[in-house]
Amino acid sequence: MAEEKPISSTTKRSYWRWSKTDFFPETSFQTLSSYKTALSQTCPRLSDRLLARSSSTDELVTLQKVSENPMQKCLTWWDLIWLSFGSVVGSGIFVITGQEAHSNAGPAIVLSYAISGLSALLSVFCYTEFAAEIPVAGGSFSYLRVELGDFVAFIAAGNILLEALVGAAGLGRSWSSYFASMIKNDSDFLRIKVDSLPVGFNLLDPLAVVVLLVANGIAMSGTKRTSWLNWIASLVSGAVIVFVIVFGFIHAKTSNLEPFFPYGVEGVFRAAAVVYWSYTGFDMVANMAEETKKPSRDIPIGLVGSMSGITVVYCLMALALTMMVKYTEIDVNAAYSVVFEQIGMNWAKYLVSICALKGMTTSLLVGSLGQARYTTQIARAHMIPPFFALIHPKTGTPVYATLLVTLISAIVALFSSLDVLSSVLSFSTLFIFMLIAVALLVRRYYVKDVTPKNDLVKFLMCLFITIGSSIGVSALWNSNERGWLGYAAAGLLWFFGTLGMAFLSKQRVPKVWGVPLVPWLPSLSIVMNLFLIGSLGLTAILRFIICSAVMIVYYLLVGLHATYDVAHQNELSA
């Protein structure tokens, strides 16, 4: 009972507060002098935190106290299935299929979706094992913090936030494009052109801002209410998908599939890397684990089952689109609504646009839930101010975290075009999924103070060979090298690196649900994600490097010292 008193007194504090102590309670930020002292100790502190790992107990129990109030356990397997459907379907298929079919893959866009779907399904397997054993709001951030350490988790956290901001902004602008196409055959009709701004940032989109504010406002009002609204809207999205597929094949012309590879095999993989955006959102289900009544049972069902079906549906929708109209005539902003107008079904154009809007709306709703919970766990770890970890006592939702993501994504959506946003998002997503596969291998083969040193060295050698050979395959492809010798050498290195891990003893057995065929499936996920990353091109890589550099500067100036103070304070209290 003695431990309950400070919690009780804490919860009596007003939720609506914003003092300096709420943002920076750590000792390093109390005064200017203490901050200067902390900066002078950057190198030893970095050495201390670089490979420091969290634990499942810390993520599940200790960090949740920072939020002062608990999230409400109100979700069942039924909710998770529909949340998965609502989050994934609509977030990309209605948004970038037309763009990539028109400019990169042509009719072979169906193969791009199949490749990305396989890669996504491999990542789903990895996510599911973690989500079943560490059911916490932090999702991939928490998984990486437990297995790969503080610094890697921070880089992931920065990319998670980047993914959240860019994904929401992209959906907001796509919502605006579809709505505009219903009024006039011009997806930029409701945007304001500013000639003084650079191309890609010169079409201001105030409607996208309004849509983001409304969707996030609903998400803040309550998880169960958002889940219920998502279920209703997802039923409508399902109906339009059936409509698109059936009527698409009725009006299909096989002649539109010629040439099938207008941009070559390279175009298929370039498109696959971008359309991966269409599969993002499944990690939002893992993110809802803290609010799920039976996460160990419900999350595997929701993730694996829903993603398998979604992959098939996406391939059918992409094939229907490219068979209805020549790929050169596909509208890059609102493909599915405009294509029905092009074949003479004007009434269907409005039906598809309305349902596409509902699909994107559910993606925004579920995305708002998941993104805020990522941000909450990152704030619980003090990598950003813990003020954003506070849970509202009545709604049981992270209001401040939701507001943070909403306001920044609204600013990004106001200025940035869809093609700029999609390449940044895909890189961040693929990078995180690759790290999750690495973390799963670490989880299976390394347990601190248990794994023999010789086994650890062997495992690290095999892991580095696997990752290095995967990077080699991607580099060869992007150098336009098409001879078989280089690929054969890299492929053999990948095979023997993975085979070496297969001969090592596993140090941990999953308690609830485990990925089959370890290390082969996680290793395959690594090579596919790295290959797709390479296919995005130099511009996306440079954007990622610049964003990561900014994140590292922030970490050295703020995040490092905050997490160092918290870690050593916890050690003293223990």
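Throughout, residue positions are numbered sequentially from 1 according to the sequence presented.
- At least one donor-acceptor pair closer than 3.5 Å links the side chain of Ser123 to the backbone N or O of Ser119.
- Of the possible donor and acceptor atoms, none in the side chain of Tyr113 sits under 3.5 Å from a partner among the backbone N and O of Met317.
- At a threshold of 4.5 Å between non-hydrogen side-chain atoms, the residues Ile533 and Ser474 do not count as touching.
- Aromatic ring orientation, Phe154 versus Tyr554: parallel (interplanar angle below 30°, classes split at 30° and 60°).
- Using modelled atom types, one side-chain atom of Ser469 and one backbone atom of Ile465 make a donor-acceptor pair closer than 3.5 Å.
- Under the 3.5 Å distance criterion, the side-chain polar atoms of Asn104 are left unmatched by any main-chain donor or acceptor of Glu100.
- In this structure, the side chains of Leu197 and Leu204 come closer than 4.5 Å at one or more pairs of heavy atoms.
- Aromatic ring pairs are classed by plane angle as parallel below 30°, tilted from 30° to 60° and perpendicular above 60°; the pair Phe433 and Tyr276 is tilted.
- Checked by atom type and distance alone, the side chain of Asn216 never pairs as donor or acceptor with a backbone atom of Ser368 at under 3.5 Å.
- Inspection of the Ser278 and Tyr314 side chains reveals no N or O donor paired with an N or O acceptor under 3.5 Å.
- In this structure, the separation between CD1 on Ile378 and CE on Met383 is 8.5 Å, given to the nearest 0.5 Å.
- Proximity of the aromatic rings of Tyr374 and Phe141 is defined here by a centroid distance below 6.0 angstrom, and this criterion is not met.
- When side chains are defined from C-beta on, Glu147 does not count as touching Val152, because their heavy atoms never get closer than 4.5 Å.
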Test side-chain contact (heavy atoms from CB on, under 4.5 Å) on Leu212 and Leu364 and set out the steps.
CA-CA 7 Å; Leu212 286 168; Leu364 281 170; 3.6 Å; yes

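- Ring pair Phe495/Trp520: centre-to-centre distance below 6.0 Å.
- Between the side chain of Ser363 and the backbone N or O of Ser87, at least one donor-acceptor pair lies under 3.5 Å.
- Side-chain contact between Gln371 and Asn287 is absent, with no heavy-atom pair separated by less than 4.5 Å.
- Within the 3.5 Å criterion, the main-chain N or O of Leu80 finds no donor-acceptor partner in the side chain of Ser84.
- You'll find the side chain of Phe261 reaches within 4.5 Å of the side chain of Leu111, heavy atoms only.
- A donor-acceptor pair shorter than 3.5 Å cannot be found between the side chains of Trp82 and Ser227.
- Other residues, nucleotides and ligands place no more than 12 heavy atoms under 6.0 Å from the CZ atom of Phe179.
- For the side-chain contact (heavy atoms from CB on, under 4.5 Å) criterion with Phe496, the lone passing option out of Thr498, Leu493, Leu492 is Leu492.
- Listed here is the closest heavy atom pair of Val325 and Asn256: N-ND2, 3.5 Å.
- The neighbour count for Phe260 CZ, taken as heavy atoms of other residues, nucleotides or ligands under 6.0 Å away, is above 12.
- Judged by distance alone, with hydrogens and angles left aside, the side-chain atoms of His102 form no donor-acceptor pair with the main-chain N or O of Gly98 at under 3.5 Å.
- Residue pairs meeting the side-chain hydrogen bond (donor to acceptor under 3.5 Å, both in side chains) criterion with at least one member in residues 203-213, sequence neighbours excluded, are Ser176-Asp205, Arg191-Asp205.
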